[in-house]
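Order of the sequence lines sets the chain letters (A, B, ...), proteins ahead of strands, with each chain counted from 1. When reading the values below, keep in mind they use all heavy atoms of this one structure, side chains included, and skip hydrogens, waters and symmetry mates.
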Protein chains: 2
Amino acid sequence: MKEKAVPKYMQVKQEIQAWFHNGTVKPGDLMPSENELAERFGVSRQTVRQAFGELEGEGWLSRIQGKGTFVSAPQAGHGEIVRTVGLITTYISDYIFPHIVRGAEAALRSKGYRLLLSSTDNDKGREREALEMMLGQPLSGLIIEPTKSAEGNPNLDLYLALEYRGIPYIMLNEQYPELDGPCLKTDDALGGCLAVRHLLALGHEKIAGFFKMDDMQGVNRLKGFRQAYREKGLAIQPDLVVQYTTEEKGAKPLETALALLSRENGRPTALVCYNDELAVQLMEIIRQSGLSVPEDVAVVGFDDSSLATATETKLTTLTHPKSVMGQEAVELLLRMIEGKLSKPKGKLYTPELIVRSSTKR
Amino acid sequence: MKEKAVPKYMQVKQEIQAWFHNGTVKPGDLMPSENELAERFGVSRQTVRQAFGELEGEGWLSRIQGKGTFVSAPQAGHGEIVRTVGLITTYISDYIFPHIVRGAEAALRSKGYRLLLSSTDNDKGREREALEMMLGQPLSGLIIEPTKSAEGNPNLDLYLALEYRGIPYIMLNEQYPELDGPCLKTDDALGGCLAVRHLLALGHEKIAGFFKMDDMQGVNRLKGFRQAYREKGLAIQPDLVVQYTTEEKGAKPLETALALLSRENGRPTALVCYNDELAVQLMEIIRQSGLSVPEDVAVVGFDDSSLATATETKLTTLTHPKSVMGQEAVELLLRMIEGKLSKPKGKLYTPELIVRSSTKR
DNA sequence: CGGTACAACATGTACATACAACATAAATTA
DNA sequence: TAATTTATGTTGTATGTACATGTTGTACCG
């Protein structure tokens with residue numbers, strides 16, 4: 001997955017396009033001269049010319065020999081009503097995201113809107129690409145699942161461009177702290193809390209937790225995990241809390257689990273997993289360790305995905321709105337688009353614990 | 001006599017345009033290389049490039065790195081560049097379809113195209129809705145997975161509209177018999193054949209097959225199923241072939257399997273399942289019948305989905321290109337869009353048998 | 001015979017230079 | 001003062017070089 005081959009003139013072009021979006025330059029303005037930009041970007045004048053040439057071809061700029069280069073007025077559209085909504089998720093193919101997409105698509109189709117889809121693979125650079133691509137043509141509104149929401153927002157300028165252009169948008173699952181638009185999410189802290197309360201009520205004391213810490217969902221689920229302990233006046237054994245990132249998810253949590261499970265004493269009797277995907281992997285690890293679920297080790301997942309019931313031992317997990325979230329996001333967004341909403345408010349879904357056969361005692 | 005103000009690149013451009021008009025070159029032709037023209041016109045390669053660049057922008061030429069410059073088909077371009085590709089699948093959220101979408105999205109994003117997504121839920125009415133919606137605004141091309149491809153095509157008029165408007169399209173998985181566009185699919189008959197051959201080689205004789213018959217994939221997989229029997233000179237026991245439709249898939253195959261497995265004598269020793277999804281469900285049925293996989297009953301699935309390895313008993317299954325199919329569909333479509341393909345041809349993927357622990361003896 | 005490696009050639013990117021054409025404002029001149 | 005010239009800065013044209021990247025056919029090798 002290496003695509004570092006972005007030509008300079010393309011970078012220049014995108015940078016300049018960003019100026020249009022965020023209002024650095026306005027229609028009618030005189031652009032800096034080719035030579036000045038060349039020096040500012042550290043490229044040759046020819047390279048700037050190539051970028052300008054494409055932008056002129058696309059109608060963003062108009063050049064007048066001897067005078068300078070000007071920003072074109074936003075082509076007063078063909079008057080056509082745009083009925084297209086963008087959806088940017090972190091992943092498309094994995095896990096619960098297809099259900100979110102599905103819910104959104106169904107709701108949009110029933111309203112006569114088209115769905116533009118893109119994904120970021122949890123990479124902020126790709127998030128930028130996706131936003132720029134969507135902004136390149138007319139758009140009614142946007143639904144975005146933030147990328148690595150716990151780590152800041154380098155694409156803030158593009159979100160401001162959205163607001164500048166009056167395109168409403170909604171966040172899914174988490175909100176960037178820098179922004180204040182509406183957001184639909186689950187009460188992840190409560191979910192973590194419910195999971196641990198359930199296990200404590202079953203008599204478990206050594207409960208290990210595995211959380212992905214580069215998005216707010218993991219952070220909040222861990223927060224709930226700790227809160228449940230506090231409620232009981234218990235202290236958490238630090239080495240039973242495993243934190244990892246997206247990049248590490250293929251190995252670190254599995255290896256750590258294997259190490260924890262092979263302990264002679266102090267072996268955890270229950271695992272709280274960041275999501276069902278990890279839970280299923282850890283159940284496999286448990287089997288390989290010669291232990292069984294739920295007799296030796298109880299397991300709790302998150303999201304109530306299809307994986308939860310595909311395995312032989314059905315997984316105890318917490319619900320996630322999934323397709324309902326996609327659907328309601330669209331409904332809220334369409335009301336914002338149609339201007340029928342004064343102050344859009346997000347929604348906090350309350351997760352429910354589904355007790356199946358992976359927890360006991 | 002100061003009319004010498006015609007730039008060289010403009011003269012070159014006009015000269016080349018004359019070739020289009022007087023038939024010196026025809027659409028699809030390969031233009032002489034930049035270097036050759038530069039020499040012929042007595043100008044530098046850069047000057048030729050500038051002329052070519054404008055002609056490309058106006059739609060006369062298309063350039064392919066490494067191959068050459070080609071004369072475009074005369075399309076009544078509104079000049080406006082549309083870079084949006086539609087993708088219509090039967091389902092979005094389930095099974096292998098997210099992977100196809102993912103492959104397509106990644107390929108499109110890297111080429112600067114946007115992806116319009118819709119789904120039909122395997123319903124021809126919704127397929128019509130989706131097509132109409134996509135046709136409602138400018139579109140570069142379309143990738144479609146046919147709905148119930150074994151049952152005819154009531155939306156033929158819309159496909160003809162696509163051709164009339166010069167919008168290229170590609171079929172996935174199956175092709176409507178009425179149409180003859182390019183199609184990417186797997187060799188499902190071979191897949192069915194491989195599955196049965198494998199089981200016969202293991203000594204199984206009573207092999208039951210479960211096939212969804214309202215799309216061509218199921219029909220072809222059954223065809224391969226029967227062919228493998230013929231090769232061995234064996235006859236198929238008719239009641240071991242279970243056919244069902246999308247609407248029946250929730251109950252009929254499961255109930256029939258339960259009935260077959262509870263037979264005193266004549267119980268099948270192996271099941272060939274339309275796909276992994278059904279295979280996992282049938283493995284559950286087998287467990288409920290007090291039997292085990294693969295000791296009592298062997299199971300073969302199709303598509304090598306994530307379900308195949310999520311279960312305790314890993315599933316023997318046949319590969320499906322999945323995301324590669326989405327990616328290659330996009331690559332083919334973009335070449336068609338850019339007019340760089342004279343006669344687009346589909347592709348037939350060869351499935352491979354992945355032997356895991358669900359087959360034995 | 002089939003696969004690999006490589007050479008040849010196509011377009012793509014980047015930089016450099018030089019001068020021409022044009023617009024504008026300041027300086028000069030009638 | 002008004003017209004003209006000049007200086008300066010802009011984009012436009014033209015050419016050069018160099019290397020990167022993608023495609024294709026051929027020669028080679030197993």
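- Atom-to-atom distance recorded for B/E105:CD and A/I92:CD1 is 4.0 Å, nearest 0.5 angstrom.
- Comparing A/T47 and A/Q65 along DNA chain C, the residue whose closest nucleotide (by nearest heavy atom) sits nearer the 5' end is A/T47.
- Across the protein-nucleic acid pair, A/F41 atom CZ and C/dC15 atom P stand 13 Å apart, rounded to whole Å.
- Rounded to whole angstrom, the span from the CE atom of B/M10 across to the C1' atom of D/dA14 amounts to 14 Å.
- The ring-ring contact (aromatic ring centres under 6.0 Å, His included) test applied to A/Y176 returns A/Y159, not counting sequence neighbours.
- Sorted by first and then second residue, the salt bridge (Lys or Arg N to Asp or Glu O under 4.0 Å) pairs involving residues 320-330 of chain B (not counting sequence neighbours) are B/E328-B/K347.
- Closest contact between the side chain of A/T69 and the listed nucleotides C/dT11, C/dC15, D/dT11 involves D/dT11.
- Nucleotide C/dA10 holds its P atom 11 Å from the CG atom of B/L37, rounded to whole Å.
- When rounded to the nearest whole Å, the span between CD of A/E34 and P of C/dC15 equals 14 Å.
- With sequence neighbours excluded, the residues that form a ring-ring contact (aromatic ring centres under 6.0 Å, His included) with B/Y229 are B/F225.
- Salt bridge status for A/R63 with A/E34: present, with a side-chain N to carboxylate O gap under 4.0 Å.
- Comparing atom distances between the A/R63 side chain and each of D/dT13, D/dG12, C/dG12 picks out D/dG12 as nearest.
- Of the candidates B/V101, B/I96, B/L172, B/N173, B/T89 forms a side chain to side chain contact (heavy atoms under 4.5 Å, CB included) with just one, namely B/V101.
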Between the protein and nucleotides 16-19 of chain D, list the N/O to N/O atom pairs that are separated by less than 3.5 angstrom.
residue	atom	partner	partner atom	Å
D/dT17	O4	B/Q46	NE2	3.1

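- Note on B/R197 versus B/E231: salt bridge recorded, some NZ/NE/NH1/NH2 to OD/OE distance being below 4.0 Å.
- With rounding to whole Å, A/F70 atom CZ is found 12 Å from C/dA23 atom P.
- No contact: B/F52 has no heavy atom under 4.0 Å from any strand.
- When each of B/N35 and A/K67 is assigned the nucleotide of DNA chain C bearing its nearest heavy atom, the one mapping closer to the 5' terminus is B/N35.
- Between B/R221 and B/D303, at least one side-chain N (NZ, or NE/NH1/NH2) sits under 4.0 Å from a carboxylate O, which counts as a salt bridge.
- In the set D/dT13, C/dT11, D/dT10, the nucleotide with an atom closest to the side chain of A/S33 is D/dT10.
- In summary, A/R128 and A/D157 engage in a salt bridge, as defined by a charged side-chain N under 4.0 Å from a carboxylate O.
- The CZ atom of A/R49 sits 12 Å away from the P atom of D/dA14 (whole-angstrom rounding).
- Note: NZ (B/K111) to P (C/dG12) measures 12 Å, nearest angstrom.
- Rounded to a whole Å, the NZ atom of B/K8 is 15 Å from the C1' atom of D/dG12.
- Distance from the side chain of B/Q50 is smallest to D/dT13 among C/dC22, D/dT13, D/dT24.
- Partners of B/R356 by side-chain hydrogen bond (donor to acceptor under 3.5 Å, both in side chains), not counting sequence neighbours, listed by chain and number: B/D304.
- Direction of the helix axis in the helix from C/dC1-D/dG30 to C/dA30-D/dT1 shifts by 10° between the two five-pair termini, rounded to 10°.
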